[in-house]
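Chain identifiers are assigned alphabetically (A, B, ...) following the order of the sequence lines, protein sequences preceding nucleic acid strands; residue numbering begins at 1 within each chain.
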Number of protein chains: 2
Amino acid sequence: MGRWEPNALERLQDAAMELFQERGYDRTTVEEIAARAGLTERTFFRYFSDKREVLFSGSKGLEALMVSTIADAPKAMAPIDVVAAALEATSPGFEERRAHACKRQPLIVAHAELRERELIKLASLASAMAESLRGRGVEKSVANLVAEAGIAVFKSAFERWIEDTKKHELAHHVRVALAELRLITAGASAASSTPPPTKAPRRSRPTSR
Amino acid sequence: MGRWEPNALERLQDAAMELFQERGYDRTTVEEIAARAGLTERTFFRYFSDKREVLFSGSKGLEALMVSTIADAPKAMAPIDVVAAALEATSPGFEERRAHACKRQPLIVAHAELRERELIKLASLASAMAESLRGRGVEKSVANLVAEAGIAVFKSAFERWIEDTKKHELAHHVRVALAELRLITAGASAASSTPPPTKAPRRSRPTSR
DNA sequence: TCTCCGATGTCAGAAGCTGACATGAGTCCT
DNA sequence: AGGACTCATGTCAGCTTCTGACATCGGAGA
């Protein structure tokens, strides 16, 4: 038997979630979280670099999954599809934790601090994906752009997944969002490398207001 | 003659920039910034909601410019081109402040805190653009996605603009990046709206998040 | 048994940030 | 002129986040 109760990290995460739900994020101090977990404030900061991080420690696993999915994708697959596959690969993991995600997301949306942290996690995901794409021989600026576009798709898909009363899986929403992105960017001057700024291609008609 | 020296806000911004360059961001305290500007810490926090904000107060103007550019764009213009026009419209403003931007960007890149703030400013830009697009009758999810894609283009363009030794203007890089995005998303299964699940490599290790 | 490891505790303190209240030069009103 | 009022700034006390230095002590291995 260990000298201390095991799973300190998870106890801290659980305690934090409980308290955030009960009192809200900024009415909860780190000291309170630690106390509920049977630990001290100082120990909290040994597990999490700051208060926000207690809600984001899972992102490393997500990143690893996406990176390896990209690395393992068939050589012939186009970069955008490789990224799409990486996004879809995360779907089962999210499906398992839908309840948790649904508690977590409103907290994040309501607090600028937490939104900032989420955004930088997504940016970090984008970097990691771009790096993995470069490992496949994709040129740097293209890799960055594909990865960022992938994140845009993911954001859109995730938002709809959270709100989806029909409970489609995340992968479904990823496909829908990507198809939407393709429609959006289609139809215009992709030929010349620096098209004149105001060409006004007439494709998708703005629905009348 | 005022009781106090005028331009307190600018004095604070200038003092902050100087000190950040001299000692680095996190070796500079708010008290020091305020002292150099001839003010007190408390006054600093009356002008800026937090320490980071002293580097980001310009983003409101940027947002306003983009929003009005979108609102004023020709009715027939496709959403993606409207957003491109908004991005390009910011070009002259950046051109004027190239020197400032070149001092600022390394600071931001070097500090996670500041990158977080930059990301949320960009996200805020995306929201504002999406809202403005909806005012033109663009459907919500499309508006969000177009705006996010626009931000992806902007990030890519801005990065290249900062590093561009040939000093092309920002608008040029925006056009290049958008053309690149179009090439990237072109070419594949845009036909079916919800294509069957691409066989994502079975790699799924459910990770906590 | 002895020794070292490593997770945790204790303590002091810096820095960020906030609320409450004070100050005092301009300004406006009569 | 005189008084009241404004409002940018100062002062102060206090909370919270986060860090470094050092202490503690059960357990694992020599």
Taking only side-chain N and O atoms of A/Thr43, does any of them lie within less than 4.0 angstrom of OP1 or OP2 on C/dT8?
no
Check the phosphate of D/dT9 against B/Tyr47, side-chain N and O only, distance under 4.0 Å to OP1 or OP2. Yes or no?
yes
Next item on the list: Could you tell me whether a side-chain N or O of A/Thr43 sits under 3.5 Å from a main-chain N or O of A/Leu39, the two making a donor and an acceptor?
Entry: no
Rounded to whole Å, the CD-C1' distance (A/Glu5 to C/dA7) equals 14 Å
Rounded to whole Å, the CG-C1' distance (A/Leu12 to C/dT8) equals 12 Å
Does a sphere of radius 6.0 Å around CD in B/Glu31 hold more than 12 heavy atoms from other residues, nucleotides or ligands, not counting ones at 6.0 Å or beyond? no
| message | Tell me if the CZ atom of B/Arg97 is crowded by more than 12 foreign heavy atoms within 6.0 Å. | response | no
**Message:** Could you check whether any side-chain N or O of B/Arg98 sits under 3.5 Å from a backbone N or O of B/Trp161, counting only pairs where one atom can act as donor and the other as acceptor?
**Reply:** yes
#### Entry: side chain to side chain contact (heavy atoms under 4.5 Å, CB included) evaluation trace for A/Leu55 with A/Met17
CA-CA 8 Å; A/Leu55 282 171; A/Met17 243 321 198; 4.3 Å; yes
I want to check something: taking the side chain as every heavy atom from C-beta on, are A/Glu118 and A/Arg104 in contact at a cut-off of under 4.5 Å? yes
Rounded to whole Å, the CZ-C1' distance (B/Arg11 to D/dA8) equals 11 Å
I'd like to know if B/Arg3 reaches the base of C/dG24 with its side chain such that a donor and an acceptor end up less than 3.5 angstrom apart.
yes
- Message: Using a strict threshold of under 4.0 Å (side-chain N to carboxylate O), is an ion pair present between B/Arg175 and B/Asp81?
- Response: no
A/Met129 and A/Ile70, any side-chain heavy atoms less than 4.5 Å apart: yes
Rounding to the nearest 10°, end axes of the helix from C/dT1-D/dA30 to C/dT30-D/dA1 built from five pairs each make an angle of 10°
Would you be so kind as to tabulate the donor-acceptor pairs closer than 3.5 Å made by side chains of residues 150-159 of chain B, with sequence neighbours excluded?
from: B/Lys155; atom 1: NZ; to: A/Glu148; atom 2: OE1; distance (Å): 3.2
from: B/Lys155; atom 1: NZ; to: A/Glu148; atom 2: OE2; distance (Å): 3.4
from: B/Ser156; atom 1: OG; to: B/Arg160; atom 2: NH2; distance (Å): 2.7

B/Arg27 CZ to C/dA14 P, in whole Å, measures 16 Å
Give every pair of a protein N or O atom and an N or O atom of nucleotides 16-20 of chain D that lie under 3.5 Å apart, one pair per line with the distance.
from: D/dT17; atom 1: OP1; to: A/Lys51; atom 2: NZ; distance (Å): 3.0
from: D/dT17; atom 1: OP2; to: A/Val30; atom 2: N; distance (Å): 3.2
from: D/dC18; atom 1: OP2; to: A/Lys51; atom 2: N; distance (Å): 2.7
from: D/dG20; atom 1: N7; to: A/Arg42; atom 2: NH2; distance (Å): 2.9
from: D/dG20; atom 1: O6; to: A/Arg42; atom 2: NE; distance (Å): 2.7

Would one find a side-chain N or O of B/Thr40 under 4.0 angstrom from OP1 or OP2 of D/dG10?
-> yes
When rounded to whole Å, the CG to P distance for the pair A/Leu39 and C/dA7 reads 13 Å
